[in-house]
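Written below as structure tokens is the structure these notes are about.
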Amino acid sequence: MASKFQAPRGTFDILPEQARARRRLERIAAEVFARAGYEPIATPVFEDTDLFERGVGKSTDIVRKEMFTFEDKGGRSLTLRPEGTASVCRAYLEHGMQKLAQPVKLHYLGPFFRHERPQAGRYRQFHQLGAECIGSDSPLADAEVIMLLADLLGELGVPGVELRLASLGSFEARRAYLEDLKAHLHAHEGELSKDVRERIDLNPLRAFDSDDEGTRGVMASAPMIVERLEGEDAEHFAEVRALLDASGIAYVIDPTLVRGLDYYTRTIFSFVCDRLGAQSEIGGGGRYDGLIEQLGGAPTPAVGFAAGIERILLALDEEVAGEGRDAFVAVAVADPGQRQRAMALVAELRHAGVSVELDLAGRSFKSQLKHANRIGTRRVLILEADGSAQLRDMDSGEQRAVDPGNLVGEMTGGEA
Ligand code: AMP
């Protein structure tokens, strides 16, 4: 009977079959990062609330509406992390990583929490993997970070992916642009949706994200920052594009691209997938040259991305099966008297690196074979009562006698 308990709304269990597909993803991601010299980092699941208020920005939806914030028993305000960049930057400063050779290249993976309205591809506990390259203002760093995510999605085989690219300019250029954008929005207040109107001064960029028809009309004639980039900002963006072109990474310039976090400057990008519905973004990121300073460090340029693991898996949609159990050998005993011999053999095989399962349910010999078949084991090692052994191929049903004194050698293809 089902219990009355269920996983909380917007959260989900990762069952073994899904865990297998994740394991493949995590393995490929670890390889892509390692090949580019990005090292793993893990930060706590909760942090001081202040870190996200400062880092992500008080005007963002994340901080205003979506954080799981609670008081601990000492009266401190803590928050389940809604994103990873602020924590990685906190760790960079806390552990004096500015003294290391720059840039410091890190990658992470783990659960994140946002109190959003749950739907396909949007959860309250979800998982992200991400990379941060801290301490370089070179367009090479922007291009490398974008390339990492492009490579990862390519190696995983995610279909229908498009890279969208824009630049917000430096902090000063962005500020000047935001004043012009606000003026444009105020001049058309009557045509805007209520939500956008109420946030003109708080977060005018969000208007680009609106589905509201009136707002869309106003945004069609809004000033676009990519078209107004000047001096070093324009050069930086041109160089990022040239580097992507040289590396064969296709992209489209999207002047309406906005990201839901306040810390971005210059390059921003987003990978979208046409296989996903409304939540079409698989991952994205950008440059955040002001964030480390905002958190109390010296001015330190940086760039990074985060991608949603559930969205990647949804886009793959079982197209690529997870890692199964066909590499497994089952040890079956034809006679219950062989149990101790079987257990000792299982230990020996596992220590030799062979994946092996032993029946733990007291099944009859026939049922052991049936069970091995059901779980996808391709080979079964059968221990007979007289001390001999047989190896059965479950696909062909063929069985041959094997040397009982050299079973590890038989299974590993070498001498015992
Ligand atoms: P962000 O940290 O907002 O830039 O998001 C980066 C990526 O994380 C997105 O492109 C999504 O793939 C994923 N993501 C963000 N929020 C959620 C959520 N509530 N549920 C599932 N995935 C999410």
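It should be emphasised that the depicted structure is a prediction, and the values quoted were computed from it without experimental measurement. Side-chain atoms are counted along with the backbone in the values below, which use heavy atoms only and exclude waters and symmetry mates. In each ligand, atom 1 is the first atom listed, and ligand 1 is the first ligand listed.
Ligand 1 has no N or O atom lying under 3.5 Å from any N or O atom of A306, backbone or side chain. Taking distance alone, with nitrogen or oxygen atoms compared against 3.5 Å, Y123 approaches ligand 1 more closely than that limit. In terms of N/O distances under 3.5 Å, ligand 1 is approached by G308. Where the criterion is an N or O separation shorter than 3.5 Å, residue side chain and backbone included, R122 fails it with respect to ligand 1. Taking only nitrogen or oxygen atoms, main chain and side chain alike, E83 does not reach within less than 3.5 Å of ligand 1.
When heavy-atom distances to ligand 1 are checked against a 4.0 Å cut-off, I282 comes that close only through its backbone atoms N, CA, C and O. Both the backbone and the side chain of E281 come within 4.0 Å of ligand 1, judged by heavy-atom distances.
Counting only distance, with no hydrogens or angles, the side chain of T256 and the backbone of D254 share no donor-acceptor pair below 3.5 Å. Not one N or O on the side chain of D48 forms a donor-acceptor pair closer than 3.5 Å with the backbone of D50. Panel note: side chain R287, backbone T267; no donor-acceptor pair is recorded below 3.5 Å. Of the possible polar contacts, none joining the E179 side chain to the A176 backbone as a donor-acceptor pair under 3.5 Å is found. Side chain of R350 to backbone of V356: a donor-acceptor contact under 3.5 angstrom is found.
Residue E310 places no heavy atom under 4.0 Å from ligand 1.
Taking the centre and axis of the six-membered ring of F171, the NZ or CZ atom of R175 falls outside the cone set by 45° and 6.0 Å.
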